[in-house]
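Everything quoted here is computed from the prediction, not taken from an experiment. FYI, the numbering just counts along the sequence from 1.
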Amino acid sequence: MKKVNSTRTPIYRDSGFWLRDIPTMKKAFSDELEHPNEPDLYIYSRYRNPTVVETEKELAKIEGCQWALLTQSGLAAIDVALSIFQVAGLKNKWLFFTEIYGGTNSFIDKVLVARRGFEIVRFSSQGNSYSLDEFERLMQRHKPTVVYLESISNPMLIVADVPEIIKISHRFGARVIVDNTFATPHIFRPLDFGADLVIHSATKYLAGHGNLSAGVICGNDSDMLKHAIEYRKLVGHMLSPDDAYRLNDYLKTFHLRIAQHFNNAKAVAEFLASHSSVEKVLYPSLPNHPTAKIASKLFSNGFGGIVTFDINGNSFQQKQARCNAFIKNVSQSINLVPTLGDADTILMPIEPVWGDKFPFPGMVRLSIGIEPVQSLIQILDEGLKKI
Ligand code: PLP
């Protein structure tokens, strides 16, 4: 076919790629991991795919790192990032922060512990912040070889002092994996502070339109890259070329979208903080958040797109009823959708989802969209006034 004068990488839907003859085929297989960033010859789309590689290059630019690998979901990225450090027979422990995505906690309990037999150490927050002294004590006591955390936790928006946690972990010889989904590389890049791997649920802000599932693992170490490519291939966690193409398009507006999400969220948080129907707002830039100082030390370009707030009331039942009424009042404009990072503002009630972990019946998590902020504030104001 004639070469086409297009600036785009097409969607290569090939399952397998044409290898001219036996020597070419042998070279393709033997070189497979020699050119891990971009293979000379593609073999099979579950291994590597040119459309996926183009999007990976864009993601590596955004995250400011040597390489990025796409997977078909955020959880698949978490599986790859963790599994490359698993060695049969080694009885070492891994340490997980407790304040992480519920699906990741279930993966730890139901896969790592129940099926793979791992011994896990948990590190919990106290009063919506992390004690570095307590973290260091746990590292000293258990000597875990992997530490896993989220830079901004969900739904209490605790900001971890990631550079300090990395320093302590490395002193004990542990690898550090940071889930940076909530912060995004727009405001914070953990690899700049020595994180070993960063993962994202690209389903959220990187894709940003609520219509694509993807994950990404980002790093600088070439050995880890080889292990990650091999593991992704062997368990079939590859992203499809069609989804990679769409994600590449969405990345073109990444910084624009995130600036709008995060500016909107800050304005909404400040508005809610002074509202008479609101007891408390959790947002990393607000001085009442226990990790506000860490947030202003780490983040240069905003404080995230999630706002968690608590509607006031005199009892559990009253708060619950007021929360239900608010959600009903705004339901024409703000949908209850169990995800985040979409272009539209969406919400999740905290107590019905997290149960005993966060028994706050008046609490709502807003994932702020990119709508004009004044109309959003008006919707929230009317929704609260009509309770
Ligand atoms: N990490 C975080 C912080 C998340 O919120 C999620 C999903 O909500 C995941 C990882 C998992 O991502 P996915 O749903 O794309 O598998």
Side-chain angles (χ1 to χ4, degrees), residues 59-60 62-69 71 74-87 90 92-101 104-105 107-108 112 118-125 129-154 158-185 187-202 215-228 231 291 294-295 297-299:
L59 282 161
I62 290 176
E63 194 65 58
C65 59
Q66 294 296 318
W67 56 265
L69 280 192
T71 53
L75 262 175
I78 292 168
D79 184 22
V80 174
L82 286 166
S83 297
I84 64 169
F85 298 115
Q86 184 176 6
V87 182
L90 279 190
N92 42 34
K93 300 172 187 171
W94 288 354
L95 184 147
F96 289 87
F97 281 44
T98 312
E99 309 308 321
I100 53 177
Y101 167 57
T104 312
N105 271 324
F107 174 77
I108 295 164
L112 297 185
F118 262 93
E119 205 180 322
I120 297 299
V121 180
R122 296 285 196 164
F123 172 59
S124 298
S125 64
S129 74
Y130 299 118
S131 156
L132 289 180
D133 289 341
E134 178 57 21
F135 175 67
E136 190 157 356
R137 265 193 294 279
L138 276 184
M139 294 297 294
Q140 180 78 49
R141 184 164 358 129
H142 298 283
K143 307 278 187 321
T145 52
V146 171
V147 168
Y148 183 99
L149 71 152
E150 293 182 5
S151 42
I152 303 180
S153 83
N154 177 25
I158 305 170
V159 179
D161 195 338
V162 177
E164 289 304 314
I165 286 158
I166 292 171
K167 272 192 222 153
I168 297 170
S169 306
H170 282 175
R171 233 189 302 126
F172 288 94
R175 303 290 197 184
V176 182
I177 303 171
V178 182
D179 181 334
N180 202 34
T181 301
F182 275 48
T184 82
I187 64 168
F188 184 56
R189 303 202 303 200
L191 292 164
D192 293 350
F193 297 90
D196 294 281
L197 293 174
V198 162
I199 73 97
H200 290 271
S201 166
V216 64
I217 311 120
C218 305
N220 288 318
D221 184 285
S222 52
D223 267 353
M224 287 183 205
L225 170 59
K226 288 181 187 177
H227 284 291
Y231 185 84
T291 57
I294 299 170
K297 178 178 85 169
L298 298 189
F299 301 155

Student: Please report the closest heavy-atom contact between Ser129 and Ile158, naming both atoms and the distance.
Tutor: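 It is CA-CG2, 3.9 Å.
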Student: Identify, with sequence neighbours excluded, every residue that meets side-chain contact (heavy atoms from CB on, under 4.5 Å) alongside Ala174.
Tutor: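 Partners of Ala174 by the side-chain contact (heavy atoms from CB on, under 4.5 Å) criterion, ordered by chain and then number, come out as Met139, Val147, Ser169.
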Student: Report the C-alpha distance between Asn105 and Phe96 in whole Å, list the side-chain angles of each, state the deciding distance to 0.1 Å, and finish with yes or no for side-chain contact (heavy atoms from CB on, under 4.5 Å).
Tutor: CA-CA 9 Å; Asn105 271 324; Phe96 289 87; 5.6 Å; no
Student: Looking only at non-hydrogen atoms, find the nearest pair between Trp67 and Asp221 and report the distance.
Tutor: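 Distance-wise, the nearest heavy atoms are NE1-O, 2.9 Å.
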Student: Examine Phe118 together with Trp94 and report whether their ring centres are nearer than 6.0 Å.
Tutor: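 Yes - the distance between ring centres of Phe118 and Trp94 falls below the 6.0 Å cut-off.
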Student: To the nearest 0.5 Å, how far apart are OG in Ser125 and CD in Glu134?
Tutor: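 Between atom OG of Ser125 and atom CD of Glu134 there are 11.5 Å.
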Student: Roughly how far, to the nearest 0.5 Å, is the OH atom of Tyr231 from the OG atom of Ser83?
Tutor: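 Rounded to the nearest 0.5 Å, the OG-OH separation comes out at 3.0 Å.
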Student: Working to the nearest 0.5 Å, report the span between OG of Ser131 and CG of Leu138.
Tutor: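 Taking OG in Ser131 and CG in Leu138, the distance rounds to 9.5 Å.
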Student: Counting N and O atoms only, with roles assigned by atom type, does the side chain of Thr291 sit under 3.5 Å from a partner on the main chain of Val159, one being a donor and the other an acceptor?
Tutor: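 Flag set: sc Thr291 to bb Val159 pair under 3.5 Å.
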Student: With distance as the sole test, does Ser153 use its side chain to make a donor-acceptor pair with the main-chain N or O of Ile100 at under 3.5 Å?
Tutor: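 A pair under 3.5 Å: no.
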Student: The test is side-chain contact (heavy atoms from CB on, under 4.5 Å); show your working for Tyr148 and Leu82 and say whether it passes.
Tutor: CA-CA 9 Å; Tyr148 183 99; Leu82 286 166; 4.1 Å; yes
Student: Indicate yes or no: does Lys226 engage Asp223 in a salt bridge with an N to O separation below 4.0 Å.
Tutor: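 Answer for the salt bridge query: no.
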Student: Between NZ of Lys143 and CZ of Phe172, what distance do you get to the nearest 0.5 Å?
Tutor: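 If we round to the nearest 0.5 Å, Lys143:NZ and Phe172:CZ are 6.0 Å apart.
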Student: Quick one, Leu95 and Val146 - any side-chain contact, counting heavy atoms below 4.5 Å?
Tutor: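 Result no, sub-4.5 Å side-chain heavy-atom pair not found.
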Student: Set out, in order, the CA-CA distance, both residues' side-chain angles and the distance that settles side-chain contact (heavy atoms from CB on, under 4.5 Å) for Ile168 and Phe135, then state yes or no.
Tutor: CA-CA 8 Å; Ile168 297 170; Phe135 175 67; 3.8 Å; yes
Student: Rounded to the nearest 0.5 Å, what's the gap from CZ on Phe123 to NE2 on His142? Could you check?
Tutor: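 Going from CZ on Phe123 over to NE2 on His142, the span is 12.0 Å.
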Student: Do the side chains of Leu191 and Cys218 get nearer than 4.5 Å, heavy atoms only?
Tutor: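 The answer is yes; the side chains approach within 4.5 Å.
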Student: Main chain of Ala76, side chain of Thr71: is a donor-acceptor contact present, judged purely on distance under 3.5 Å?
Tutor: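 No: the side chain of Thr71 does not pair with the backbone of Ala76.
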Student: Would you check if Glu164 and Lys167 make a side-chain contact, meaning some heavy-atom pair closer than 4.5 Å?
Tutor: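 They are in contact (side-chain heavy atoms under 4.5 Å apart), so the answer is yes.
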Student: Taking the side chain from Arg189 and the backbone from Ile62, do they hold a donor-acceptor pair closer than 3.5 Å?
Tutor: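 It does hold such a pair.
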Student: Do Val176 and Leu149 come within less than 4.5 Å of each other through their side chains, counting heavy atoms only?
Tutor: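 In contact.
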Student: side-chain contact (heavy atoms from CB on, under 4.5 Å), that's the test. Do Phe85 and Ile177 meet it? Break it down for me.
Tutor: CA-CA 11 Å; Phe85 298 115; Ile177 303 171; 4.0 Å; yes
Student: Between Thr181 and Ser201, which heavy-atom pair has the shortest distance, and what is it?
Tutor: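 Reported closest heavy-atom pair: OG1-N, 2.9 Å.
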Student: State whether a side-chain donor-acceptor pair under 3.5 Å links Glu63 with His200.
Tutor: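 There is such a pair between these side chains.
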Student: Ala68 and Ala60: which non-hydrogen atoms are nearest, and at how many Å?
Tutor: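 The pair with the smallest heavy-atom distance is CB-N, 3.9 Å.
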Student: Under the 3.5 angstrom rule, does the side chain of Asn180 hit a backbone N or O of Pro190 as a donor-acceptor pair?
Tutor: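 Pair absent, no side-chain N/O of Asn180 close to backbone of Pro190.
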Student: Any pair with a residue in residues 168-184 that passes salt bridge (Lys or Arg N to Asp or Glu O under 4.0 Å), sequence neighbours left out, goes on the list, sorted by first then second residue, please.
Tutor: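 Those involving residues 168-184 are Glu136-Arg171, Arg175-Asp196.
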Student: Can you tell if the side chain of Leu112 reaches within under 4.5 Å of the side chain of Gln86, non-hydrogen atoms only?
Tutor: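 Contact flag for Leu112/Gln86 side chains = no.
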Student: Give me the ring orientation class for Phe97 and Tyr130: parallel if the planes are under 30° apart, tilted from 30 to 60°, perpendicular past 60°.
Tutor: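 Perpendicular, since the angle between the ring planes exceeds 60°.
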Student: So do Phe193 and Val162 actually touch side chain to side chain, heavy atoms under 4.5 Å?
Tutor: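 Heavy-atom side-chain distance check fails, nothing below 4.5 Å.
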Student: Determine the minimum heavy-atom distance between Ile294 and Asp161, stating which atoms define it.
Tutor: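 Heavy atoms of Ile294 and Asp161 come nearest at CG2-CA, 3.7 Å.
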Student: Give me the atom names and distance for the closest heavy-atom approach of Ala81 to Leu197.
Tutor: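 That closest heavy-atom pairing would be O-CD1, 3.8 Å.
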Student: Out of curiosity, Leu132 CG to Arg137 CZ, how far, rounded to the nearest 0.5 Å?
Tutor: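 Here the rounded value is 11.0 Å.
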Student: Quick check: does any side chain N or O of Asn220 sit under 3.5 Å from a backbone N or O of Gln66, one acting as donor and the other as acceptor?
Tutor: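 Confirmed, Asn220 side chain pairs with Gln66 backbone.
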